[in-house]
Amino acid sequence: MNLRHYVTTNMAAPMSSVDKTPAECLQLNSTSFQKKTRSKFISIPGTRPSVQNGQLLVSSGVTSLDYLLGGGLAVGTVLLIEEDRYDSFSRMIFKYFLAEGVVCRHELFVAAAQDDPDDILQELPAPILDDVAIHRPGDQPRMSCEPQDTLDAMKIAWRYQNLPKVQSALASSSRFGHYYDVSKIMEPEIRQAAKWHRFYHPEHPPPSSGTHSPKLESYSALLKSLQEVIQREGFDLNAPLPKSRNILRVGLHSLGSALWGDDLCCHDNPKNVHALTSFLYGLRALLRSSLSVAVVTVPSHLIQDRALMGSITRLCDNAIALESFKGSERETNPLYKDYHGLLHVRQVPRLNCLASQLPDHKDLAFKLKRKQFTIEMD
Amino acid sequence: MFTELNGILNASPESFTPGEFILLSDRQSDASFLIHHFLSFYLKARCKVCFVALVQSFSHYNAVSQRLGVSLTQAKEKGQLTFLEGLKESLSVLIPQEENAENQAMSFLRDPAAGLRSLYEFVQSSVVESNGGGGAEEQWGPPVLLVDDVSVLLSLGVRVGAVLDFSHYCRATVCSQLQGNVVMLVRCDGEAEEDDEGSQQLMRGLTHQSCLTLHVQGLPTGYCRDIHGQVELCWKKRQSDGQHTPKKVFQFKVHDKGVSFFARGTSSAVL
């Protein structure tokens, strides 16, 4: 219901008019981040403007992570996740991000070299269902079937009864951030309602064109494929946008690993040192000019060169690193017995403003519970 | 621009030292707020500015500059500002299209080992045409070149030597020939010992070429919410008023509309 406030009807209204509501001011501020918006601003489900600088934010799927990153992920930015050793928790956050996209009816673009993107999508956690629309045609009402004309006294119950069916479509899009049950898999009906695109590296053999560039063929093909999807599906801000706008959530799994053909993780002095960084530069260029958000995971524990990790981090906007306690001496440390690992916030962007929203505390630990991924101060 | 910083640097839009190469650097911190300062400073000083923005989009700089009282869109329309949006131009090079209508400035991305000649030629053409163009509606002051930032060129595969050559050529053209100023931002990550060869070399080379360096880093005592870091200013030559103060250190806090600088230990959080 809140999103109704954010629809403005007159974009040409001067900034200095005093009878603007704060929400409308935020509206104009958030469009300054977009390149070209000739049409009236239409609210996009699953997004909200930031309270600090009016940027358009989406939820990462993990509510406590949204809070740490200043309210959510800004549209047009990249979140870098440095994987934990067994890629268990980083993969979980990756799936939360995609699951949130399915629930908010965003489009997805999933790229991986190790697992088939179909398999990743089939493992998405189930959203906790009290306010998500389930499109089951033969849905039985929760109350027992009583004829409605005798329900004068039961009018309130009747309204509750209809609530999931009538208002659920609006409820799922107006709520920002959902909770997921990791012990259950997302229902195929919900998952199949989502529109998504895939890039599975083994399906794209390198062309034998023989171009001598420092960029890897795998990354170039990925960049090209992503640009095609952005342009074809109407996320490009440089082109006239379709009437009903949407966000594209881009998930890139384990970039830099050997399965992408990159030797960053294998050698101390890799041959293609600048392949990943050039790709990230191109990714940033694509995202800044489109309505999309990206989450990239990198197995940083395999990269020996800290300075290289530094330049990779700087080419992304948000960056967090996960350090799980599994298999380390901290697992049995009584100090950490309630937690699964440490979470380090490496970088928070300053976009469209001078100040950035750094988290108050830097010692953070996380715990993956069945229904929630919590991040707390250590 | 930040008025407190103008006081520290002894400069104002009406009077500043011409022909200077100012180096902004940071280590494990973010000195980009200084780029916003110098951008609005030189635009208010009615200089002809050429901004090579390699890491952020135009709307980002525009949004911040509006809070500092300068409109980049207007400056571009009036011809005062030449803005190279590296991100946008790079896409046509990184993803080759059939119709190559690319801006030549970013064509170094196709073969980074070859050097930054094309980027320098872009800078030269935008800086020289201002002085040569007679009959323009408004006369602008000396040219200024801003680069944000130089370290990303290393990440894209350009050699350190090529970047140092580029900065030297820019300095020769803009500072010596045209009596303008050059401001470049270079970023380091990690402790001084851990730095890779390239980034150390670049930092040292640029510091040698510059006459004023502003180095931003975090507090030596750790992370603090009220004091965002410290700035170390280093002058190479004597200042015009004869005082020889080679180094000054200030602490700063970044606000929404500006940055406040204060002497060490005098933060409002402490006093």
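Chain identifiers are assigned alphabetically (A, B, ...) following the order of the sequence lines, protein sequences preceding nucleic acid strands; residue numbering begins at 1 within each chain.
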>> Quick check against the 3.5 Å criterion: does A:S311 have a side-chain atom that pairs as donor or acceptor with the backbone of B:S155?
In response: no
> With a 4.5 angstrom heavy-atom cut-off, which part of B:S90 approaches chain A: side chain, backbone, both or neither?
Replying inline: side chain
> Is it the side chain or the backbone of A:L315 that comes within 4.5 Å of chain B heavy atoms, both, or neither?
Replying inline: side chain
> Who among B:N62, B:V152, B:D30 has the most heavy-atom pairs with chain A under 4.5 Å?
Replying inline: B:D30
> Minimum heavy-atom separation for B:H255 to A:L354, with atom names?
Replying inline: O-CB, 3.5 Å
> What distance do B:D256 atom CG and A:C353 atom SG have between them, rounded to the nearest 0.5 Å?
Replying inline: 6.5 Å
>> Only pairs of heavy atoms separated by less than 4.5 Å count here; which of B:I95, B:V254, B:V259 has the most with chain A?
In response: B:I95
>> Applying side-chain contact (heavy atoms from CB on, under 4.5 Å) to B:Q56 and A:L351, what does each step give before you reach the verdict?
In response: CA-CA 9 Å; B:Q56 297 288 3; A:L351 283 177; 3.4 Å; yes
>> The test is side-chain contact (heavy atoms from CB on, under 4.5 Å); show your working for A:R284 and B:V55 and say whether it passes.
In response: CA-CA 9 Å; A:R284 178 185 266 213; B:V55 285; 3.8 Å; yes
> Does any non-hydrogen side-chain atom of B:L94 lie less than 4.5 Å from one of A:L223?
Replying inline: yes
> Can you name the closest pair of heavy atoms from A:G282 and B:L91 and give their distance?
Replying inline: O-CD2, 3.9 Å
>> side-chain contact (heavy atoms from CB on, under 4.5 Å), that's the test. Do A:R288 and B:H60 meet it? Break it down for me.
In response: CA-CA 10 Å; A:R288 291 288 198 267; B:H60 163 73; over 6 Å; no
> Can you say whether B:L54 sits under 4.5 Å from chain A via the side chain, the backbone, both, or neither, judging by heavy atoms?
Replying inline: both
> Measuring heavy-atom distances to chain A, does B:K257 have an atom under 4.5 Å in its side chain, in its backbone, in both, or in neither?
Replying inline: backbone
